[in-house]
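Contents: one structure, followed by commentary.
This is a predicted model, so every value here is computed, not measured. We number each residue from 1, following the sequence as shown.
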Amino acid sequence: LISRLYGVEGRVRQASAQERHQVRQERARPILEEIRAWLERTRPEVPPATALGKALTYLHNQWESLIHYLDDGRLEIDNNATERTIRPFVIGRRNWLFSATVEGAKASANLYSLIETAKANGHEPYAYLCHLFKELPRAKCAEDIEKLLPYSLSPADLT
């Protein structure tokens, strides 16, 4: 059933939000109704202390959040894109445990934050950092520095 839900999403990935909403109502909602019926049948039969029982209880308790994407075609079925976006921070956080000093860990975190923010704003990180380190010595005030932040620049500014 879950594969079928993702199949629906695969067919509407490039569609407009309005079209996604309509297709989800027609195709995904009935699948979710099947899942809900299975959940209601199965949950009472599974001991709640087991791993499956805990998973079913979690699914039951989170049901409204799970189906919320049906009502807004702009929403994704899952948060995989967000997970991919924050993965570098999670890896960095683990690496920072091995920094020799607190100052070194802070410097690493700041640099990582700049790189990820540059990526999020459509910049190639190396080009952004080259631009930043070339222009930063010319900055005279906080406003000049603000103009160098990734969200203040367009990719064309880096050429």
Side-chain angles (χ1 to χ4, degrees), residues 1-99 105-106 108-129 131-132 145-159:
L1 292 173
I2 291 170
S3 291
R4 286 175 42 206
L5 283 175
Y6 277 90
V8 170
E9 290 302 301
R11 286 190 288 279
V12 295
R13 185 149 323 276
Q14 302 303 320
S16 70
Q18 185 176 8
E19 290 169 319
R20 275 196 302 277
H21 177 263
Q22 182 178 345
V23 171
R24 286 173 178 170
Q25 298 306 310
E26 294 168 2
R27 299 212 174 125
R29 188 170 292 281
I31 297 168
L32 283 162
E33 288 170 1
E34 282 184 67
I35 292 172
R36 182 66 183 204
W38 173 84
L39 174 63
E40 296 306 319
R41 279 191 320 272
T42 307
R43 199 165 141 244
E45 299 171 3
V46 178
T50 65
L52 179 58
K54 289 176 185 177
L56 293 175
T57 298
Y58 180 82
L59 177 59
H60 173 75
N61 292 342
Q62 299 301 317
W63 187 258
E64 291 305 313
S65 297
L66 171 72
I67 65 169
H68 186 67
Y69 84 101
L70 291 174
D71 299 323
D72 188 337
R74 296 170 301 168
L75 300 177
E76 296 290 331
I77 189 173
D78 57 36
N79 66 346
N80 289 343
T82 302
E83 293 286 338
R84 282 190 301 276
T85 301
I86 67 170
R87 183 173 291 121
F89 289 106
V90 173
I91 292 168
R93 183 182 64 211
R94 179 133 193 224
N95 291 339
W96 298 326
L97 292 173
F98 302 102
S99 293
K106 286 180 182 178
S108 294
N110 286 333
L111 188 56
Y112 225 63
S113 179
L114 268 177
I115 290 169
E116 292 304 317
T117 305
K119 285 193 230 176
N121 283 276
H123 303 303
E124 194 283 313
Y126 182 76
Y128 170 73
L129 290 175
H131 177 78
L132 175 68
I145 294 171
E146 180 86 19
K147 291 176 184 175
L148 295 172
L149 293 174
Y151 49 80
S152 298
L153 299 167
S154 73
D157 294 329
L158 304 183
T159 55

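In this structure, V8 and E26 have side chains that are not in contact, with every pair of non-hydrogen atoms separated by 4.5 Å or more. Side-chain contact between Y126 and H131 is absent, with no heavy atoms from C-beta onward closer than 4.5 Å. A 4.5 Å side-chain heavy-atom check between R43 and T57 finds at least one atom pair inside the cut-off. When side chains are defined from C-beta on, E9 does not count as touching R4, because their heavy atoms never get closer than 4.5 Å.
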List the steps, then state whether salt bridge (Lys or Arg N to Asp or Glu O under 4.0 Å) holds for K119 with E116. CA-CA 5 Å; K119 285 193 230 176; E116 292 304 317; 3.0 Å; yes
Would R13 and R20 count as a side chain to side chain contact (heavy atoms under 4.5 Å, CB included) if you check the C-alpha gap in whole Å, the side-chain angles of each, and the deciding distance to 0.1 Å? CA-CA 8 Å; R13 185 149 323 276; R20 275 196 302 277; over 6 Å; no
Begin with the C-alpha distance, continue with both residues' side-chain angles, and end with the deciding distance and a verdict on salt bridge (Lys or Arg N to Asp or Glu O under 4.0 Å) for D71 and R29. CA-CA 10 Å; D71 299 323; R29 188 170 292 281; 3.2 Å; yes
Passes side chain to side chain contact (heavy atoms under 4.5 Å, CB included), L129 versus L111? Steps please. CA-CA 9 Å; L129 290 175; L111 188 56; 4.1 Å; yes
Given side-chain hydrogen bond (donor to acceptor under 3.5 Å, both in side chains), test D78 with Y69 step by step and report yes or no. CA-CA 9 Å; D78 57 36; Y69 84 101; over 6 Å; no
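We find the CD1-CG distance between I35 and L59 to be 8.0 Å, quoted to the nearest 0.5 Å. If you take CG on L5 and CD on E34, they are separated by 9.5 Å, rounding to the nearest 0.5 Å. Annotation: the span from R74 atom CZ to S16 atom OG amounts to 12.0 Å, rounded to 0.5 Å. Atoms OG1 and CG, on T50 and L56 in that order, are 7.5 Å from each other to the nearest 0.5 Å. Note that the NZ atom of K54 and the CG atom of N61 stand 13.5 Å from one another [nearest 0.5 Å]. Interatomic distance, CG of L52 versus CD of E45, reported as 10.5 Å (0.5 Å rounding).
Formation of a donor-acceptor pair under 3.5 Å by the E124 side chain with backbone atoms of A127 is found in this model.
Each of E19, Q25, Q18, R24 was compared with H21 under the side-chain contact (heavy atoms from CB on, under 4.5 Å) criterion, and only Q25 meets it.
When all heavy atoms of K147 and S152 are compared, the closest pair comes out as O-CB, 3.6 Å. Of all heavy-atom pairs between P44 and L39, the closest is CD-O, 4.4 Å. Heavy atoms only, all atoms of each residue included: P155 and G122 are closest at CG-O, 3.7 Å.
A salt bridge links R36 with E40; the closest basic N to acidic carboxylate O contact falls under 4.0 Å.
With sequence neighbours excluded, the residues satisfying side chain to side chain contact (heavy atoms under 4.5 Å, CB included) with I67 are L32, W63, E64, L70.
Within a 6.0 Å radius of CG in L1, more than 12 heavy atoms belonging to other residues, nucleotides or ligands are found.
Checking Y128 against N121 by side-chain atom types alone, no donor-acceptor pair falls below 3.5 Å.
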